[in-house]
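Reviewing the structure listed below.
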Amino acid sequence: MRVLILGGDGYLGWPTAMDFAAAGHEVTVVDNYLRRIIAEETNSEALLSTPSLTQRAAKFKDITGHTIETIIGDLADPELMMDVVKNTSPDTIIHYAEQPSAPYSMRGFPEARKTFKNNLDVTFNVIWAMLEHAPQAHMVKLGTMGEYGTPNIDIEEGWIDIDHKGRSGRFLFPRAAGSLYHTTKVLDTDLLWFYVRTYGLKVTDLMQGPVYGLSTDQADLDPALCPNFHYDDIFGTLVNRFLVQAVAGVPLTVYGGGGQTRGYLNLRDTLQCVRLAAENPASEGELKIFNQLTETFSVNQVADKVQAVGNSMGLNVEVKSIPNPRKELEEHYYNPVHSGLKELGLEPHLMTDDVVAQMLERIIEAKDRIVADRIMPRVSWK
Ligand code: USQ
């Protein structure tokens, strides 16, 4: 396949690019370094320094012989998007090119506006670039489980059948996101669904939970190929943050009661899921939706796990509840269906004690690079 990856410098974009290239696909990645710029502006740089996208692609080519074409540019600019899609003529477009931080989107007006404009503009532009230059291509779009919020009923995979006053119909499952960032993904879904049903585009929307990990087959080949591993309050996801806190000797930052439950997955499984989605494209006029997670945990369960494994390795891990900077339910029902990707062949890498220990070992090697003032929450929803 000719694969075009939008947002190819990110935590998921770069490992995805290597994964598709290693599998023999023709890969082009585009990125404007928005995440790196925000990280610098907010003192939220990743734990391990990562070379530029072009440098990483050159290193990957040296080691594996596989080429990843890189384009540095802003996909919110419609002209650039049109040119990229026209010139690469992709079979598959993987759309990661969004501002992915919930806290950043809630920081204030400039950050909210940047998130809103970037995320919606890129989605709108890619839709139109497909309509004009690649109507037969399949888009794999990264959504988020956060689109659904935490409803008091089972979360179906994207769609729900409703019986109402003796009639029935199939609808998008209700969405009720908890941050502006997550809400931009709800808006993306609606936009995609409109263009899919009206113009026959082929789209798969992946509702992904928080990802953890820093190891993939290709990332492990050289330190220069590792993903951007964040532990700050802006870009760090829960598990990655707790691992770094355990190593730094900072009590694990449980927000509020810690009953907040989410569906987690290993970075390796993101790669599997995206490959499975790309290899099993939606049909013309179909919006396929998968819930992309492998197991659910509450914040307290993640904290207990990291504490137990950390202590068995001689770390003295403490857990401490701090006031919740977010507006979210701290006790709730949570039961998302997630069978679609498994039916396509997903083989989960679960969060076993061994997996936690391996991640802790990697972070212990980089202990000197941890900057403690990036750890506590600096953004409040209130
Ligand atoms: N939390 C803590 N302590 C912390 C950090 C987070 O208790 O130190 C809690 C949060 O309040 C939340 C849960 O842990 O209840 C998950 O937080 P998170 O920061 O791991 O995840 P979130 O902000 O929702 O966003 C992350 C990614 C986002 C992706 C999303 C999937 O940054 O791009 O879309 O995970 S999901 O959470 O399913 O919406």
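Both ligands and their constituent atoms are indexed starting at 1 by order of listing. Just so you know, these numbers use all the heavy atoms, side chains as well, and skip hydrogens, waters and symmetry mates. What you are looking at is a predicted structure, and each value in this text was computed from that prediction instead of being measured.
- Applying the salt bridge (Lys or Arg N to Asp or Glu O under 4.0 Å) rule to Glu26 yields no partners; only residues at least two apart in sequence or on another chain are considered.
- Residues Phe173 and Tyr148 place their aromatic rings such that the two centres sit under 6.0 Å apart.
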In sequence, state the C-alpha distance, the side-chain angles, and the governing distance for Arg170 and Glu156, and then conclude on salt bridge (charged side-chain N to carboxylate O under 4.0 Å, His left out). CA-CA 12 Å; Arg170 188 168 179 253; Glu156 301 299 326; over 6 Å; no

Between ligand 1 and the protein, find all N/O pairs closer than 3.5 Å and give the distance for each.
residue	atom	partner	partner atom	Å
ligand 1	3 (N)	Thr253	O	2.7
ligand 1	7 (O)	Tyr255	N	2.9
ligand 1	8 (O)	Arg241	NE	3.0
ligand 1	8 (O)	Arg241	NH2	3.0
ligand 1	8 (O)	Thr253	O	3.2
ligand 1	8 (O)	Thr253	OG1	2.7
ligand 1	11 (O)	Glu328	OE1	3.4
ligand 1	11 (O)	Glu328	OE2	2.6
ligand 1	15 (O)	Arg262	NH2	3.3
ligand 1	15 (O)	Glu328	OE1	2.9
ligand 1	15 (O)	Glu328	OE2	3.2
ligand 1	19 (O)	Arg326	NH2	3.1
ligand 1	20 (O)	Leu238	N	2.8
ligand 1	23 (O)	Arg326	NH1	2.8
ligand 1	23 (O)	Arg326	NH2	3.2
ligand 1	24 (O)	His182	NE2	3.3
ligand 1	32 (O)	Pro100	O	3.4
ligand 1	33 (O)	Pro100	O	2.9
ligand 1	33 (O)	Tyr181	OH	3.0
ligand 1	34 (O)	Thr144	OG1	2.8
ligand 1	34 (O)	Tyr181	OH	2.7
ligand 1	39 (O)	Thr144	OG1	2.8
ligand 1	39 (O)	Gly146	N	2.9
ligand 1	39 (O)	His182	NE2	2.9

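- Lys305 has its side chain within reach of Met351: a pair of non-hydrogen atoms, C-beta onward, lies under 4.5 Å apart.
- Taking Asp269 as the reference, nothing meets the salt bridge (Lys or Arg N to Asp or Glu O under 4.0 Å) condition, with sequence neighbours excluded.
- Under the ring pair (Phe, Tyr, Trp, His ring centres under 6.0 Å) criterion, the residue pairs touching residues 295-346 are His332-Tyr334, with sequence neighbours excluded.
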